[in-house]
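Step one of this worksheet: look at the structure below.
The structure displayed is predicted, hence computed values, not measured ones. Protein chains get the first letters and strands the later ones, always in sequence-line order, with residue 1 at the start of each.
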Amino acid sequence: MILNRHQQIWLVVSKIPHGHVATYGQVAELAGLPRQARAVGSILSQLPRGSDLPWHRVINSRGELSFPLDSNKYQEQKSRLEQEGIQFTGEKISLTTYGWNGVD
DNA sequence: AATTTGACCAGTA
DNA sequence: CTACTGGCCAAAT
């Protein structure tokens with residue numbers, strides 16, 4: 001059976017290893033939806049309540065979090081990432097942990 | 001039915 | 001570094 005884009009994206013996001021991050025574009029690409037980064041953000045914004053998907057490991061291509069700096073979401077994502085050992089330099093994620101190539 | 005919006009991106013200037 | 005462009009497309013207006 002063919003998976004709809006939600007499932008494809010959930011699948012990819014669920015595979016991002018602990019302590020690593022992937023960009024929206026990467027997730028879209030790996031999900032077989034090239035150039036549809038927006039769809040990833042759109043779908044992550046509609047996650048079912050209580051989902052255990054590691055949505056916080058998805059960041060934008062600038063190496064930053066796609067939330068307003070003063071928002072709770074920003075803080076939540078940042079703490080979750082820091083909890084996994086990901087370091088920040090200002091608002092950007094350190095290049096050492098940046099980029100998951102889709103293979104563990 | 002038409003238009004705008006959105007957790008985005010890569011290229012160009 | 002910033003600013004703007006066109007690409008993308010389902011959902012909400």
Side-chain angles (χ1 to χ4, degrees):
Chain A
M1 91 166 243
I2 62 168
L3 283 63
N4 61 34
R5 54 196 208 123
H6 282 182
Q7 299 172 311
Q8 289 284 3
I9 290 168
W10 289 337
L11 182 62
V12 172
V13 173
S14 73
K15 286 180 173 174
I16 304 174
H18 182 285
H20 291 259
V21 294
T23 68
Y24 293 94
Q26 274 178 351
V27 172
E29 178 87 15
L30 293 169
L33 303 167
R35 279 171 282 298
Q36 293 194 74
R38 309 186 76 135
V40 176
S42 176
I43 284 161
L44 290 186
S45 74
Q46 306 173 273
L47 279 183
R49 187 173 75 81
S51 170
D52 38 349
L53 212 68
W55 57 270
H56 55 283
R57 301 187 186 136
V58 183
I59 64 175
N60 66 34
S61 67
R62 300 174 308 200
E64 301 171 348
L65 311 185
S66 295
F67 287 112
L69 289 168
D70 52 19
S71 68
N72 297 16
K73 283 294 194 176
Y74 184 95
Q75 284 308 323
E76 182 185 356
Q77 186 171 15
K78 183 174 180 181
S79 0
R80 280 184 175 233
L81 289 174
E82 288 176 329
Q83 227 173 319
E84 300 190 351
I86 291 174
Q87 298 195 322
F88 284 73
T89 303
E91 311 160 1
K92 294 182 182 154
I93 287 182
S94 305
L95 296 173
T96 55
T97 47
Y98 190 108
W100 166 57
N101 56 14
V103 183
D104 304 320

Would you say A:S66 places a side-chain N or O within less than 4.0 Å of OP1 or OP2 belonging to B:dA7?
no
Which atom names give the shortest non-hydrogen contact between A:S66 and A:Y24, and what distance separates them?
OG-CE1, 3.6 Å
Can you tell me how far P of B:dC9 sits from OH of A:Y24, to the nearest Å?
8 Å
Between B:dA7 and C:dT2, how many Å separate the two C1' atoms, rounded to a whole number?
22 Å
Start with the C-alpha distance between A:I93 and A:L81, add both sets of side-chain angles, then the distance that settles side chain to side chain contact (heavy atoms under 4.5 Å, CB included), and finish with yes or no.
CA-CA 9 Å; A:I93 287 182; A:L81 289 174; 4.0 Å; yes
Of the residues in residues 34-50 of chain A, which ones touch DNA chain B at a heavy-atom distance under 4.0 Å?
A:A37, A:R38, A:G41, A:L44, A:S45
Just how far, in rounded Å, is P of B:dC9 from CG of A:L65?
12 Å
Counting only heavy atoms not in A:K15, do more than 12 fall under 6.0 Å of its NZ?
no
For A:Y74 and A:S71, which heavy atoms make the closest approach, and how far apart are they?
N-OG, 3.1 Å
A:V40 versus A:T23: any side-chain heavy-atom pair under 4.5 Å?
no
Applying side chain to side chain contact (heavy atoms under 4.5 Å, CB included), run through A:W10 and A:I43 and close with a yes or a no.
CA-CA 9 Å; A:W10 289 337; A:I43 284 161; 4.0 Å; yes
Worked check of side chain to side chain contact (heavy atoms under 4.5 Å, CB included) between A:I16 and A:V21
CA-CA 7 Å; A:I16 304 174; A:V21 294; 5.7 Å; no
So, A:E29 and A:R35, do they make that salt bridge, N to O below 4.0 Å?
no
Among residues two or more places apart or on two chains, list those pairs meeting salt bridge (Lys or Arg N to Asp or Glu O under 4.0 Å) that have a residue in residues 65-76 of chain A.
A:E76-A:R80
B:dT5 and C:dC8: how far apart are their C1' atoms, nearest whole angstrom?
13 Å
Spacing between A:R5 atom CZ and B:dA7 atom P, to the nearest angstrom:
14 Å
Its 5'-most and 3'-most nucleotides having an atom under 4.0 Å from a non-hydrogen atom of chain A, DNA chain C is contacted over C:dC1 to C:dA10
Among residues 72-82 of chain A, which ones have heavy-atom contacts with DNA chain C below 4.0 Å?
none
Indicate every side-chain donor-acceptor pair of residues 46-54 of chain A with a distance under 3.5 Å to a residue at least two apart or in another chain.
{"residue": "A:S51", "atom": "OG", "partner": "A:L53", "partner atom": "N", "Å": "3.2"}

If you define the side chain from C-beta out and look only at heavy atoms, does anything of A:L65 sit under 4.5 Å from A:K78?
yes
For A:E84 and A:H56, work out which heavy atoms get closest and say how close.
OE2-NE2, 2.9 Å
Pull out every protein N or O sitting under 3.5 Å from an N or O of nucleotides 11-13 of chain B, one pair per line with the distance.
none

CZ on A:R5 to OG on A:S42, rounded to 0.5 Å
6.0 Å
Report the distance from atom CZ of A:F67 to atom C1' of B:dC8, rounded to the nearest whole Å.
13 Å
